[in-house]
Amino acid sequence: MSAPLIPREAGRFITENSEDVFVESKGVRSLAEKLFEKIERKEITLKGWKSMHELNPQDSGEDSVNWVFFADTLNFSFWSEHEDKKFIVNYKGKEYSGYWSFCAAMNRALDEGIPLTTASYYANITMDQLKHVLRSDSEFPIPMIEERLEILQQTGKILMEKFGGSFLNCVKTSEKSAVKLMQLIVENFPSYRDEGDFQGKKVAFYKRAQILVGDTWGVLEGKGDGCFYDIDKITMFADYRIPQALVHFGAMRYSEKLLKKLHLGWLFQNGDREEMEIRGCSIWAVELVCECLRELFEKKGEKMSNEINPVLIDHFLWDYARDYREEIKVVPFHRVRCIYY
């Protein structure tokens with residue numbers, strides 16, 4: 001079978017053939033201008049990955065790289081059916097929900113002496129052990145616990161067999177290429193193969209594989225083994241939060257038919273046409289935002305650093321969608337239960 005279109009090309013193809021999701025050039029430019037101001041004020045930087053999120057590892061050693069690998073292996077489906085029925089974790093005096101509740105649970109387990117991010121441990125983790133690690137401080141458990149157990153065991157075994165139990169060995173194999181690292185992840189770890197068929201073409205989104213590359217770049221601060229010369233070739237991470245932010249900023253628009261489904265709380269299946277259009281158009285919208293940013297830098301007589309890229313734009317939009325969720329929920333996020341995001 002032929003290889004799928006890589007995320008950037010998949011995004012362009014889906015956008016060109018989309019029926020219910022549209023990339024809006026005026027909104028793209030407006031968002032790029034807002035981001036340009038923030039970049040100028042040093043509000044969007046690689047250092048923000050650590051400094052803005054206290055639950056992320058604060059050092060750059062092998063343990064931190066393995067923390068990132070474990071986190072992104074289970075980085076999917078944290079949304080709640082209802083606003084008042086969330087998976088909650090209290091950690092060090094703070095209450096966390098969504099993805100951050102998962103990170104808090106990870107850190108809580110490590111504080112308890114559980115070798116959670118060690119491949120030999122999670123390759124053989126039991127359901128009871130995983131339930132203890134991911135226990136909720138509300139009455140609502142983390143979604144998809146069975147899938148998480150299966151993926152952890154499978155991924156841990158592969159990491160031990162192929163990379164000596166350390167994700168840093170996989171990073172070293174990439175020879176400082178973000179694209180090669182993405183391909184290594186997808187080729188070796190089945191749960192990261194986020195692909196589908198759109199109008200007769202096989203397309204790839206690789207949300208979790210790409211966020212793993214981006215988080216590795218973040219935890220290593222773009223230095224040493226994480227000094228990826230082609231980090232700007234990684235696209236945004238097509239999930240359910242970023243599209244919501246892109247519509248809020250006017251960079252994307254939904255048809256009335258799709259909006260109606262979203263307001264009804266429609267549960268899409270991974271691979272549905274509308275779901276793929278939302279994800280593909282999000283990728284392409286952010287690529288166009290990057291092009292606009294490049295032009296804005298050129299107008300100033302400067303060359304845009306490859307440190308300003310879809311990964312950092314994704315970080316900004318994701319944080320915005322979390323921090324201003326009351327403001328942006330005029331357009332609900334699309335609901336999907338799957339292992340890919």
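Each residue takes its place number in the sequence, starting with 1.
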Does Glu256 have more than 12 heavy atoms from other residues, nucleotides or ligands lying within 6.0 Å of its CD?
no
Rounded to the nearest 0.5 Å, what separates atom [atom1] in [X] from atom [atom2] in [Y]?
X: Glu146; Y: Ile151; atom1: CD; atom2: CD1; answer: 11.5 Å
X: Lys299; Y: Arg294; atom1: NZ; atom2: CZ; answer: 15.0 Å
X: Leu212; Y: Tyr206; atom1: CG; atom2: OH; answer: 14.0 Å
X: Met182; Y: Tyr192; atom1: CE; atom2: OH; answer: 13.5 Å
X: Phe228; Y: Asn309; atom1: CZ; atom2: CG; answer: 12.0 Å
X: Arg29; Y: Glu291; atom1: CZ; atom2: CD; answer: 10.5 Å

Any donor-acceptor pair under 3.5 Å linking the side-chain atoms of [Y] with those of [X]?
X: Ser255; Y: Glu19; answer: no
X: Asn270; Y: Glu275; answer: yes
X: Asn56; Y: Lys50; answer: no
X: Asp72; Y: Asn75; answer: yes
X: Ser138; Y: Ser136; answer: yes
X: Ser30; Y: Glu33; answer: no

Candidate pair Asp272 and Met276, rule side-chain contact (heavy atoms from CB on, under 4.5 Å), full reasoning:
CA-CA 6 Å; Asp272 283 353; Met276 294 176 83; over 6 Å; no
Excluding sequence neighbours, so at least two apart, what forms side chain to side chain donor-acceptor pair (under 3.5 Å) with Glu175?
Lys180
Can you sort out the partners of Lys201 under side chain to side chain donor-acceptor pair (under 3.5 Å), two or more places apart, ordered by chain and number?
none
Any side-chain to backbone donor/acceptor pair from [X] onto [Y]? Under 3.5 Å, distance only.
X: Asp215; Y: Val68; result: no
X: Asn107; Y: Leu55; result: yes
X: Ser101; Y: Gly98; result: yes
X: Thr173; Y: Asn169; result: yes
X: Ser282; Y: Ala238; result: no
X: Arg322; Y: Asp319; result: no
X: Glu277; Y: Ser18; result: no

Sidechain N-carboxylate O distance under 4.0 Å for [X], [Y]:
X: Lys26; Y: Glu24; result: no
X: Glu43; Y: Arg41; result: yes
X: Lys92; Y: Glu54; result: no
X: Arg335; Y: Glu81; result: yes
X: Lys329; Y: Glu326; result: yes
X: Lys42; Y: Glu307; result: no
X: Arg8; Y: Glu287; result: yes
X: Lys157; Y: Glu161; result: no

Are the ring centres of His334 and Trp266 closer than 6.0 Å?
no
Flag the pair Phe69 / Phe189 as yes when their ring centroid distance falls below 6.0 Å, and as no otherwise.
yes
Tell me, with the steps shown, if Asn306 and Lys233 meet side-chain contact (heavy atoms from CB on, under 4.5 Å).
CA-CA 9 Å; Asn306 82 336; Lys233 298 292 185 289; over 6 Å; no
Salt bridge (Lys or Arg N to Asp or Glu O under 4.0 Å) evaluation trace for Lys300 with Glu40:
CA-CA 11 Å; Lys300 269 194 75 183; Glu40 292 282 275; 2.6 Å; yes
Side chains of [X] and [Y]: does their closest heavy-atom pair fall under 4.5 Å?
X: Glu62; Y: Phe167; result: no
X: Asn66; Y: Ser166; result: yes
X: Phe76; Y: Tyr340; result: no
X: Tyr341; Y: Arg241; result: no
X: Cys103; Y: Trp67; result: yes
X: Ile6; Y: Glu9; result: yes
X: Ser174; Y: Leu184; result: yes
X: Val311; Y: Thr235; result: no

Test salt bridge (charged side-chain N to carboxylate O under 4.0 Å, His left out), reference Asp137, set Lys86, Arg108, Lys94, output is Arg108
Quick one: which of Arg279, Lys202, Lys207 gives a salt bridge (charged side-chain N to carboxylate O under 4.0 Å, His left out) with Asp194?
Arg279
I'd like to know whether Thr73 forms a side chain to side chain donor-acceptor pair (under 3.5 Å) with Arg148, so could you lay out the CA-CA distance, the side-chain angles of the two residues, the decisive distance to 0.1 Å, and finally the verdict.
CA-CA 9 Å; Thr73 293; Arg148 293 178 200 278; over 6 Å; no
Can you see which heavy atom on [X] is nearest to which on [Y], and at what distance?
X: Val171; Y: Asp225; value: CG1-O, 3.7 Å
X: Ile14; Y: Val203; value: CD1-CG2, 4.3 Å
X: Gly156; Y: Ala123; value: C-CB, 3.7 Å
X: Val186; Y: Ala209; value: CG2-CB, 3.8 Å
X: Ile339; Y: Ser191; value: CD1-O, 3.9 Å
X: Ala178; Y: Asp230; value: N-OD1, 2.6 Å

Might you work through the side chain to side chain donor-acceptor pair (under 3.5 Å) test for Lys38 and Thr45, ending with a clear yes or no?
CA-CA 9 Å; Lys38 289 184 174 293; Thr45 65; over 6 Å; no
Among Tyr324, Phe333, Tyr320, Tyr254, whose ring-ring contact (aromatic ring centres under 6.0 Å, His included) with His248 holds?
Tyr320
List the steps, then state whether side chain to side chain donor-acceptor pair (under 3.5 Å) holds for Asp111 with Tyr91.
CA-CA 11 Å; Asp111 291 351; Tyr91 179 66; 2.6 Å; yes
